[in-house]
Amino acid sequence: MNASTASNIYPFDKRLLARMIGALGDDKVIGRTALEIGQVLGEALPDLLKAETGRDITIGYAGYKTGLRNDLIAELGDGFLISDVSLSNWCEDFQIGCDSPVLITLVEALLGAEPTGIEEPEPRALSKIEIDVAAPVFDRIAEVLRMAVNAQGGHEPVLGRAHNSEERPQSDPAIADVYAASINMTIGLGPVLSTFCVIIPQGTLLKTQITMPDSAGQNAGAKAEWAEQIKEQVRRSAVTLEARIRLDSLTLDTISRLQPGDVIPFHDDQDVQVEVNANGRELYICEFGRSGAKYTVRVKDTHGSEQDILRHIMS
């Protein structure tokens, strides 16, 4: 190859290549399919969630956005919960994301609070227990989508564990990004209005025919015990407890000279008071004791009711 030939070589336009292989579509075509998916979610999802939670949850289409998938995910920002999903014979890799305020409110409602009396929470990373509680919401979104796209084979969606957007593993730089569309939806519970989205590769959307599921309401009625199962799941979740005992005050000089084997006395002379907490939240006031060879703490008082303690742990 001579210098003249080399000067005539140019990088192939990525967007043109994507259009040629069916991985990038016209905005009008993508927009029409996004609208159809949004309409199905808006029609089927409220009844499904109402039957399972006993709460009126409003769903509405809020438009779509196109771009590279990793950019669309990054633009969700902090306070989003994101799950990677696959559905055989339709799409092996798409994402469902939901803003945290409505999920926090749903947890509060399932624990007995009236949604109308809940102040809208600020977006934040969800705790592990809150992520567990949110999982069935993602399942229902994926289930409605499965019915809408009518993938062959009757396969069920497979959802990976959801991650807070701040903690989501980074995509492999060796894997080429794809053009996708983010189908954006509003989701409201009581005074709280949030958003969720489904991010789907455009190559998949271009080959998809959307149908309105006739049996959405019937399927919803078969799962009416979900809210009670969620409450039980919360109660069975493992939580790490920490106990703090107040020690006698020491000078900084004394503390700096402590060596292995030195003894620091408790602050209390008789019944030693212990504060037990989880996730940084104070739960119980206890007294220090011993049972056989094991040291123990005995609960003397609580910081609030059972429902208060559950909310403290989960927030």
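One-based numbering along the sequence shown.
Clustering ILVMFWY residues whenever any of their side-chain heavy atoms sit less than 4.5 angstrom apart, transitively, puts Leu106 in a cluster other than the one holding Phe80. No continuous path of hydrophobic side-chain contacts links Ile73 to Leu103 [ILVMFWY only; heavy atoms under 4.5 Å]. No continuous path of ILVMFWY side-chain contacts below 4.5 Å connects Ile245 to Ile285, so the two sit in separate hydrophobic clusters. Under the 4.5 Å side-chain heavy-atom criterion for Ile, Leu, Val, Met, Phe, Trp and Tyr, Leu189 and Leu193 are members of distinct hydrophobic clusters. Hydrophobic clustering of Ile, Leu, Val, Met, Phe, Trp and Tyr side chains at less than 4.5 Å, counting indirect connections, unites Met185 with Ile96.
Listed here is the closest heavy atom pair of Arg55 and Ala109: NH2-O, 2.9 Å. Summarising the geometry of Arg146 relative to His155, their closest heavy-atom pair is CD-O, 3.1 Å, with the distance given to 0.1 Å. Annotation for Pro46 and Ile59: closest pair CG-CG1, 3.6 Å, computed over non-hydrogen atoms. A pairwise comparison of heavy atoms in Lys50 and Asp56 identifies NZ-OD1, 3.0 Å as the closest pair. Taking each heavy atom of Ser100 and Arg124 in turn, the nearest pair found is OG-N, 3.0 Å. Contact detail for Asp99 and Gly79: the closest heavy-atom pair is OD1-O, 3.3 Å.
Within the 4.5 Å cutoff, the side chain of Thr186 has no heavy atoms near those of the Thr58 side chain. Asp262 has its side chain out of reach of Ile264: every pair of non-hydrogen atoms, C-beta onward, lies at least 4.5 Å apart. Contact check for Phe196 versus Val137: no side-chain heavy atoms found under the 4.5 Å cut-off. Pro121 places a side-chain heavy atom less than 4.5 Å from the side chain of Ile104. Put simply, the side chain of Ile200 does not reach to within 4.5 Å of the side chain of Gln202, judged on heavy atoms. Within the 4.5 Å cutoff, the side chain of Val297 has no heavy atoms near those of the Glu275 side chain. Between Glu143 and Glu156 the shortest side-chain heavy-atom distance falls below 4.5 Å.
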> Please walk me through it: do Ser182 and Asn184 pass side chain to side chain donor-acceptor pair (under 3.5 Å)?
Replying inline: CA-CA 6 Å; Ser182 176; Asn184 303 317; 2.8 Å; yes

> Thr33 and Leu206: side chain to side chain contact (heavy atoms under 4.5 Å, CB included), yes or no, with the steps?
Replying inline: CA-CA 8 Å; Thr33 304; Leu206 290 171; over 6 Å; no

>> Using side chain to side chain contact (heavy atoms under 4.5 Å, CB included), reason through Gln95 and Asp93 one step at a time and then give a plain yes or no.
In response: CA-CA 7 Å; Gln95 287 70 40; Asp93 186 15; 3.0 Å; yes

>> Run Leu76 and Ser165 through side chain to side chain contact (heavy atoms under 4.5 Å, CB included) and show every step you take.
In response: CA-CA 8 Å; Leu76 296 178; Ser165 53; 5.6 Å; no

> Going through the distances and angles, do Leu35 and Tyr64 end up as a side chain to side chain contact (heavy atoms under 4.5 Å, CB included)?
Replying inline: CA-CA 8 Å; Leu35 174 61; Tyr64 74 100; over 6 Å; no

> Given Glu287 and Arg298, is the salt bridge (Lys or Arg N to Asp or Glu O under 4.0 Å) satisfied, shown in steps?
Replying inline: CA-CA 5 Å; Glu287 60 183 10; Arg298 178 183 290 111; 2.8 Å; yes

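One finds the CG atom of Asn70 at 8.5 Å from the CD atom of Gln170 (value rounded to the nearest 0.5 Å). To the nearest 0.5 Å, atom CZ of residue Arg140 and atom CG of residue Leu145 are 13.0 Å apart.
Through direct or indirect side-chain contacts shorter than 4.5 Å among Ile, Leu, Val, Met, Phe, Trp and Tyr, Val263 is connected to no other residue.
Annotation: Arg161, atom CZ; neighbour count of heavy atoms from other residues, nucleotides and ligands within 6.0 Å is above 12. The number of heavy-atom neighbours closer than 6.0 Å to CD of Gln152, taken from other residues, nucleotides and ligands shown, is 12 or below.
Partners of Lys300 according to the salt bridge (Lys or Arg N to Asp or Glu O under 4.0 Å) rule, which considers only residues two or more places apart in sequence or in another chain, do not exist here. A search for ring pair (Phe, Tyr, Trp, His ring centres under 6.0 Å) contacts involving Phe288 returns Phe266, Tyr295, not counting sequence neighbours.
If you run side-chain hydrogen bond (donor to acceptor under 3.5 Å, both in side chains) between Trp90 and each of Asn150, Thr208, Thr204, only Thr208 comes through. Of the options Ile199, Leu87, Leu205, a side chain to side chain contact (heavy atoms under 4.5 Å, CB included) to Phe94 is made by Leu87 and by none of the others.
Between Asp84 and Arg168 there is a salt bridge, since at least one side-chain N of the basic residue sits less than 4.0 Å from a carboxylate O of the acidic one.
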